[in-house]
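Side chains are part of it too, since the values below use all heavy atoms of this structure and drop only hydrogens, waters and symmetry mates. When a ligand or atom number is given, it counts from 1 through the structure's own listing order.
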Amino acid sequence: MRRRPLLLAGLGLALAACGALGRPAKGNGLQALAAQRGLTWGSALSLAALDQPELLTLIQHNVGAITPENALKWDATEPEPGRFSFSDADRQLAYAKRNQMTVRGHALVWHRQLPGWLESLEPTPLRQALERHVQHVASHTRGRVISWDVVNEPLDEQGHGLRRSLWLEKLGPDYIADALRWARQADPKARLLINDYGLEGDDPQTARKRVSLLTLIDQLQRDGVPLDGIGLQAHLVAPREDEPRFATLPAFLQQLRQRGLAVEITELDVSDRELPSATALRDGRVAATYGAFLRAVLPEPALKQITTWGLSDRDTWLNGAFPRSDGLPQRPLPYDANLQAKPARSSIAATLQPTEAPR
Ligand code: 9MR
């Protein structure tokens with residue numbers, strides 16, 4: 001137990017279980033297990049979930065934080081210039097408050113889910129629109145969002161520096177520093193993050209993307225830009241042949257910590273799209289991938305929270321984006337589409353137990 005002695009961890013669990021830490025930590029729910037390690041366990045929350053009482057029961061049992069899956073994105077919050085709309089987001093924030101959950105804000109600046117009017121703007125009005133958007137949205141949620149994905153997916157997918165998005169093409173690289181500064185002005189207490197994917201594996205492309213990120217961080221820090229942490233989305237793929245490994249991840253997390261940054265796992269799921277059809281085989285390999293990933297990240301003291309991108313397979317985005325070749329629905333999350341716990345859930349719970357991987 002690196003962070004604190006076992007006795008204190010036990011006290012933390014007791015406090016968490018009786019709600020003294022301000023978050024629900026019911027019995028053997030994932031939040032209760034994560035709280036023993038000083039971590040928060042979260043899930044993305046879809047709008048549809050709010051109308052599914054059985055799913056909500058499961059969420060309340062397992063989750064201490066939610067991330068509105070789509071309701072805080074630009075197309076939802078500012079569909080027309082200067083006309084802001086928070087009805088969906090506010091329903092989700094109210095749900096979190098009622099259930100003593102914290103909220104992750106996602107996302108202030110991204111290259112997707114943008115309203116059409118934005119894309120035709122010239123650089124000067126585009127920068128003004130970005131400032132107004134960041135200031136307005138982050139002010140609206142001030143005090144209700146614990147951490148913000150201020151800039152989402154700014155890195156080039158192949159690891160060649162920054163992504164050539166609308167933002168980079170029209171505003172140049174300063175849009176990242178600007179957005180972080182505006183977010184800090186609007187909500188001084190929220191943890192401000194850059195969030196991206198493809199940073200977890202051991203392959204050369206991941207290695208390049210990590211260098212791009214560290215280069216960006218170093219530049220921002222030299223310029224005194226407010227940046228509190230990095231979000232690793234962790235959209236993982238269960239490997240077909242090899243055992244899942246995350247051999248290089250701990251050293252990368254350490255590089256982030258050495259820069260004074262917090263780390264959050266923000267969109268964890270494990271795609272089974274490369275695996276054969278048999279359910280038991282898929283579930284086993286997905287579970288093993290969760291276990292291996294958590295064993296790599298849990299010892300890292302900079303880690304603050306872990307969020308899965310949905311809790312049950314009925315919520316996953318993966319069937320639309322990466323359909324399996326056999327047409328079967330994917331099984332990437334801790335619970336199946338009928339809300340039954342899967343081996344992934346057992347693997348997560350076992351790995352969170354303090355005896356499994358002391359930190
Ligand atoms: O889960 C989200 C899905 O409902 C949306 O249709 C999709 C649109 O781009 O975005 C999904 O969430 C993404 C997240 O915002 C950023 N990282 C990748 C996620 C999966 O695509």
Quiz item: For ligand 1, is there an N or O atom under 3.5 Å from any N or O atom of Trp317?
Solution: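 No; every N/O pair is 3.5 Å or more apart.
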Practice problem: Could you tell me whether some N/O pair between His106 and ligand 1 is separated by less than 3.5 angstrom? | Solution: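 Between His106 and ligand 1 (N or O atoms, distance only) the closest approach is under 3.5 Å.
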Quiz item: At a 4.0 Å threshold, what atoms of ligand 1 neighbour a non-hydrogen atom of Asn152?
Solution: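 With Asn152 as reference, the close atoms of ligand 1 come out as 16 (C).
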Quiz item: Among Glu153, His235, Glu69, Gln113, whose heavy atom sits nearest atom 1 (O) of ligand 1?
Solution: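 It is Glu69 that holds the nearest heavy atom.
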Quiz item: Between Glu267, His111, Arg112, Gln233, which one has a non-hydrogen atom sitting closest to atom 19 (C) of ligand 1?
Solution: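 The residue whose heavy atom sits nearest atom 19 (C) of ligand 1 is Glu267.
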Quiz item: Are side-chain N/O atoms of Ser271 and Gln330 paired as donor and acceptor at under 3.5 Å?
Solution: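 Yes, side-chain donor-acceptor contact under 3.5 Å.
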Quiz prompt | Any side-chain donor near an acceptor of the partner, Gln233 and Asn152, under 3.5 Å | solution =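 Yes - a donor-acceptor pair under 3.5 Å links their side chains.
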Among protein heavy atoms, which lies nearest [atom], and at what distance?
atom	result
atom 10 (O) of ligand 1	Lys73 NZ, 3.2 Å
atom 6 (O) of ligand 1	Asn70 OD1, 4.5 Å
atom 12 (O) of ligand 1	Trp309 NE1, 3.3 Å

Self-check item: Contacts of type salt bridge (charged side-chain N to carboxylate O under 4.0 Å, His left out), residue Asp156, not counting sequence neighbours
Solution: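 Applying salt bridge (charged side-chain N to carboxylate O under 4.0 Å, His left out) to Asp156 gives none.
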Self-check item: salt bridge (charged side-chain N to carboxylate O under 4.0 Å, His left out) involving Asp75 - partner list, sequence neighbours excluded
Solution: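 Salt bridge (charged side-chain N to carboxylate O under 4.0 Å, His left out) check on Asp75 returns nothing, list empty.
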Quiz item: Taking atom CD of Glu54 as the centre, does the number of heavy atoms from other residues, nucleotides or ligands within less than 6.0 Å exceed 12?
Solution: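 Open.
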Quiz item: Near Gln258 CD, under 6.0 Å, is it more than 12 heavy atoms from other residues, nucleotides or ligands?
Solution: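 Yes, enclosed.
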Self-check item: Glu80 vs Trp117, side-chain hydrogen bond (donor to acceptor under 3.5 Å, both in side chains): CA-CA, chis, key distance, verdict
Solution: CA-CA 7 Å; Glu80 289 164 35; Trp117 60 266; over 6 Å; no
Practice problem: Could you tell me whether ligand 1 has any atom less than 4.0 Å away from a heavy atom of Tyr197? | Solution: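 Not so, Tyr197 does not reach ligand 1.
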